[in-house]
Amino acid sequence: MKKYLLLALSVCFCFLFISWGYVGHKTIGTIAENHLTPNAKTAVKSLLGDQSIADVASWADNVRNQPEYQYTGPWHYLEFTLGMNYEDFSKHVEGMDANNVYGAILKFEAELKSDTTSHAERIVALKFLIHFISDCHQPMHLSKAEDKGGNTVIVQFDGQDTNLHSLWDSKLIDHQGFTFDKMAKEYDTATPEQIKQWQSGSQMKWIFESYQIAGKIYAEVEKNNNKLDEAYYKANIPVVQERIEMAGIRLAGVLNSIFSSPIYNK
């Protein structure tokens with residue numbers, strides 16, 4: 001009975017889950033701040049004031065259930081069938097309505113680059129962009145439509161029932177037990193060569209990476225009959241670490257590019 005109740009709650013509240021959790025998002029924001037150029041730091045300060053990137057990293061999750069922001073729910077994810085190669089995947093995404101995480105990233109990049117965007121609009125665009133670049137690096141945000149990104153896939157981890165989406169949002173991070181500042185210190189280890197490589201890829205490639213990882217996650221869960229132990233954690237926490245680090249490094253790269261624009265250097 002408990003398992004079926006959890007399943008029902010997963011279906012009802014699937015869009016309330018917070019990607020990477022508060023700690024994960026704040027870690028990504030902190031890593032991004034570590035890699036901003038002086039121009040980008042100045043521009044971010046002019047928009048966020050006394051708040052840091054880490055402070056606003058979960059803002060899009062916090063407002064998504066408010067009446068004026070409920071329409072933003074689909075911006076946090078993309079759902080697919082699995083098994084596509086990169087060419088088919090990119091064609092599929094480009095042919096979709098832009099009301100998804102990929103479309104949202106492009107939308108808010110464009111708004112921040114435009115000289116017709118008001119100061120107030122730039123603040124909102126920056127907060128959304130920070131969050132959605134993080135979201136697109138969480139594999140279960142680029143996964144199956146039929147189970148709502150793993151929300152209806154019940155797994156057992158740490159002796160408790162949860163769902164696959166929640167496991168990758170926060171349960172693996174919680175199991176590690178790091179605070180966000182410790183995570184940022186431990187995770188922010190990319191070499192200059194890695195930083196250059198990670199920042200050079202397109203947003204389409206970023207989401208394809210998550211999509212590919214999602215396929216592996218489903219296969220591994222099925223192989224283990226949905227019962228996941230310490231070995232599963234040890235095998236997958238490095239994946240979580242790399243996706244969080246990549247998100248922070250890439251967010252910094254995007255902001256450094258945007259805020260190098262002449263409109264931010266007048």
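This one's a predicted model, so the numbers in the text were calculated from it and none came from an experiment.
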Visitor: Taking the six-membered ring for Trp and the full ring for Phe, Tyr or His, determine whether the centres of W206 and H137 are under 6.0 Å apart.
Guide: yes
Visitor: Using the ring pair (Phe, Tyr, Trp, His ring centres under 6.0 Å) rule, collect all pairs that involve residues 225-258, keeping only residues at least two apart or in two chains.
Guide: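 Matches after skipping sequence neighbours: H175-Y233.
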Visitor: State which residues pass salt bridge (charged side-chain N to carboxylate O under 4.0 Å, His left out) with K144; sequence neighbours excluded, sorted by chain then number.
Guide: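 Not a single residue meets the salt bridge (charged side-chain N to carboxylate O under 4.0 Å, His left out) criterion with K144.
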Visitor: Return yes if some donor-acceptor pair links the side-chain N/O of H25 with the main-chain N/O of S58 below 3.5 Å, else return no.
Guide: no
Visitor: Can you tell whether the side chains of K107 and E111 come within less than 4.0 Å, N to carboxylate O?
Guide: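 Yes, charged N to carboxylate O under 4.0 Å.
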Visitor: With D50, which residues qualify under salt bridge (charged side-chain N to carboxylate O under 4.0 Å, His left out), at least two apart?
Guide: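 Salt bridge (charged side-chain N to carboxylate O under 4.0 Å, His left out) list for D50, sorted by chain: K45.
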Visitor: List the residues meeting side chain to side chain contact (heavy atoms under 4.5 Å, CB included) with D97, not counting sequence neighbours, and say none if there are none.
Guide: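 Result, side chain to side chain contact (heavy atoms under 4.5 Å, CB included) vs D97: N99.
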Visitor: T117: what forms a side chain to side chain donor-acceptor pair (under 3.5 Å) with it, not counting sequence neighbours?
Guide: none
Visitor: For the pair E33 and K41, find out whether any cationic side-chain nitrogen is under 4.0 Å from an anionic carboxylate oxygen.
Guide: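 Looking at E33 and K41, the cut-off is not met.
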Visitor: Taking side chain to side chain contact (heavy atoms under 4.5 Å, CB included) as the definition, give me every residue that meets it alongside T191, ordered by chain and number, with sequence neighbours left out.
Guide: E193, Q194
Visitor: I would like to know whether D88 and H92 meet side chain to side chain donor-acceptor pair (under 3.5 Å); could you show each step before the answer?
Guide: CA-CA 6 Å; D88 291 339; H92 181 73; over 6 Å; no
Visitor: For S118, enumerate each residue passing the side chain to side chain donor-acceptor pair (under 3.5 Å) test, keeping only those at least two apart in sequence or located in another chain.
Guide: E121
Visitor: F178: which residues meet the ring-ring contact (aromatic ring centres under 6.0 Å, His included) condition with it, sequence neighbours left out?
Guide: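 For F178, no residue satisfies ring-ring contact (aromatic ring centres under 6.0 Å, His included) once neighbours in sequence are set aside.
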Visitor: Give a yes or no answer on whether the side chain of R250 reaches the backbone of Q199 with a donor-acceptor pair at less than 3.5 Å.
Guide: no
Visitor: Test side chain to side chain donor-acceptor pair (under 3.5 Å) on H76 and N100; report intermediate values, then the result.
Guide: CA-CA 6 Å; H76 294 254; N100 55 58; over 6 Å; no
Visitor: Output every pair passing ring pair (Phe, Tyr, Trp, His ring centres under 6.0 Å) with a member in residues 97-119, not counting sequence neighbours, ordered by first then second residue.
Guide: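 Qualifying pairs, neighbours excluded: W75-F108, F108-F128.
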Visitor: Quick one: do D169 and Q138 satisfy side chain to side chain donor-acceptor pair (under 3.5 Å)? Show the steps, please.
Guide: CA-CA 7 Å; D169 271 353; Q138 207 280 56; 2.4 Å; yes
Visitor: With a 4.5 Å cut-off on side-chain heavy atoms, are F157 and L167 touching?
Guide: yes
Visitor: Look up atom CD in Q241 and atom OH in Y187, then write down how far apart they are to the nearest 0.5 Å.
Guide: 5.5 Å
Visitor: With sequence neighbours left out, write down each residue that passes side chain to side chain contact (heavy atoms under 4.5 Å, CB included) with D181, or none if nothing qualifies.
Guide: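 Applying side chain to side chain contact (heavy atoms under 4.5 Å, CB included) to D181 gives T179.
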Visitor: Holding to salt bridge (charged side-chain N to carboxylate O under 4.0 Å, His left out), I want the full list of residues that pass it with K91, two or more places apart in sequence or in another chain.
Guide: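 Partners of K91 under the salt bridge (charged side-chain N to carboxylate O under 4.0 Å, His left out) test: E87.
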Visitor: The test is side chain to side chain donor-acceptor pair (under 3.5 Å); show your working for Y264 and R122 and say whether it passes.
Guide: CA-CA 12 Å; Y264 292 101; R122 288 186 202 282; 3.1 Å; yes
Visitor: With sequence neighbours excluded, what pairs up with E242 under the salt bridge (charged side-chain N to carboxylate O under 4.0 Å, His left out) test?
Guide: none
